[in-house]
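Starting from 1, each residue takes its place in the sequence as its number. We count ligands from 1, going down the list as the structure has it; atoms in each ligand are counted the same way.
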Amino acid sequence: MQINFTGLRALVTGAGKGIGRDTVKALQDSGANVVAVSRTKEDLVSLSKERPGIETVCVDLENWEATEHALGNIGPVDLLVNNAAILLIEPFLEVSKEAFDRTIHANLRSVIHLSQIVARGLIARGVPGSIVNVSSIVSRAAIQGLTCYSSTKGAMDMLTKVMALELGPHQIRVNTVNPTVVLTPMGKKVSDNPEFVKAMKKRTPLGKFAEVEDVVHSILFLLSDKSAMINGSGIMVDGGYLAS
Ligand code: NAP
């Protein structure tokens with residue numbers, strides 16, 4: 001299946017590491033002009049060196065005002081990947097106000113803000129667009145210690161449906177990808193417990209975690225015209241975890 005984004009501009013958040021970084025590269029390989037947004041300057045510098053031509057924006061998406069300042073006038077964007085997120089592990093009884101606020105701001109509020117900026121631009125230009133929100137299997141299945149993170153991913157799945165409903169008439173499609181564990185810097189935070197790894201793989205019919213490229217392929221499919229009739233939906237990149 002050939003996917004070609006020539007002539008389109010894409011914006012990817014959380015582009016410094018992990019899934020976001022490889023999504024940027026795959027989009028560029030498919031012909032898109034890419035804006036890579038992340039928080040750690042060094043990651044963006046190394047990405048620019050590795051991939052000349054990529055535009056970079058360094059901003060902390062937890063901060064609404066800083067995001068507006070950095071991205072409010074970003075110009076035309078046709079494809080948006082809301083990928084940035086943080087994962088703070090705390091048992092439910094110890095969840096702090098700070099952890100909850102930070103997680104909501106980074107994982108959910110920023111998605112609304114950035115999607116507003118991009119969707120308003122698409123509507124003003126009268127062109128179609130596609131938004132992919134990177135969710136997780138924990139939007140649908142509980143895992144210990146992930147109160148804040150899972151709550152934002154559950155909300156993200158429903159946010160995606162509301163966005164699909166309201167933006168669909170403007171030919172802007174909105175979908176999620178919901179991966180199982182991927183061994184990125186974030187994935188390694190939860191997978192350093194051998195018992196957890198064993199239990200996760202045991203429940204997964206394919207018996208393994210996802211690779212970064214498994215997630216990137218699904219993101220590109222949902223961004224592309226190959227998924228032209230898919231809206232308000234989600235792809236479970238989970239080896240069947242949620243089927244069991
Ligand atoms: P990662 O390795 O931790 O990378 C996340 C990237 O997002 C980093 O570059 C990080 O920058 C950036 N970021 C985080 N908060 C930010 C903020 N406030 N402002 C700007 N940039 C920010 O994570 P990943 O595993 O690639 O995860 C990508 C997405 O997949 C996330 O939405 C995650 O929830 C989802 N997901 C991951 C897994 C998994 O097992 N890895 C499973 C299911 C879903 P800094 O490093 O500079 O903070």
Side-chain donor-acceptor contact under 3.5 Å, Arg21 with Ser46: yes

Counting non-hydrogen protein atoms only, what is the nearest one to atom 2 (O) of ligand 1? Give residue, atom name and distance. Pro185 CD, 3.2 Å

When rounded to the nearest 0.5 angstrom, what is the spacing between OH in Tyr149 and OG1 in Thr103? 10.5 Å

Answer with yes or no whether the side chains of Ser139 and Asn178 bring together a donor and an acceptor at under 3.5 Å. yes

Is there a nitrogen or oxygen of Ser136 sitting under 3.5 Å from a nitrogen or oxygen of ligand 1? no

Can a non-hydrogen atom of Val59 be found less than 4.0 Å from any atom of ligand 1? yes

Side chains of Asp43 and Ser38, donor plus acceptor under 3.5 Å: no

In this structure, does ligand 1 have an atom that sits under 4.0 Å from one of the heavy atoms of Phe209? no

Looking at non-hydrogen atoms alone, which of Thr23, Leu47, Leu87, Leu61 comes nearest to atom 19 (N) of ligand 1? Leu61

Considering Val134, Asn83, Ile19, Asn63 one by one, which has a heavy atom nearer to atom 31 (C) of ligand 1 than any of the others? Asn83

List the closest protein heavy-atom neighbour of atom 11 (O) of ligand 1: residue, atom name, distance to the nearest 0.1 Å. Ser38 OG, 3.5 Å

Could you tell me if any non-hydrogen atom of Ser135 lies under 4.0 Å from any atom of ligand 1? yes

Test item, Lys189 contacting ligand 1 (heavy atom, 4.0 angstrom): no

Distance only, no hydrogens: is a donor on one side chain within 3.5 Å (strictly under) of an acceptor on the other, for Ser227 and Asn175? no

Using the rule that Ile, Leu, Val, Met, Phe, Trp and Tyr join whenever any side-chain heavy atoms are under 4.5 Å apart, tell me whether Leu242 and Val237 fall into a single cluster. no

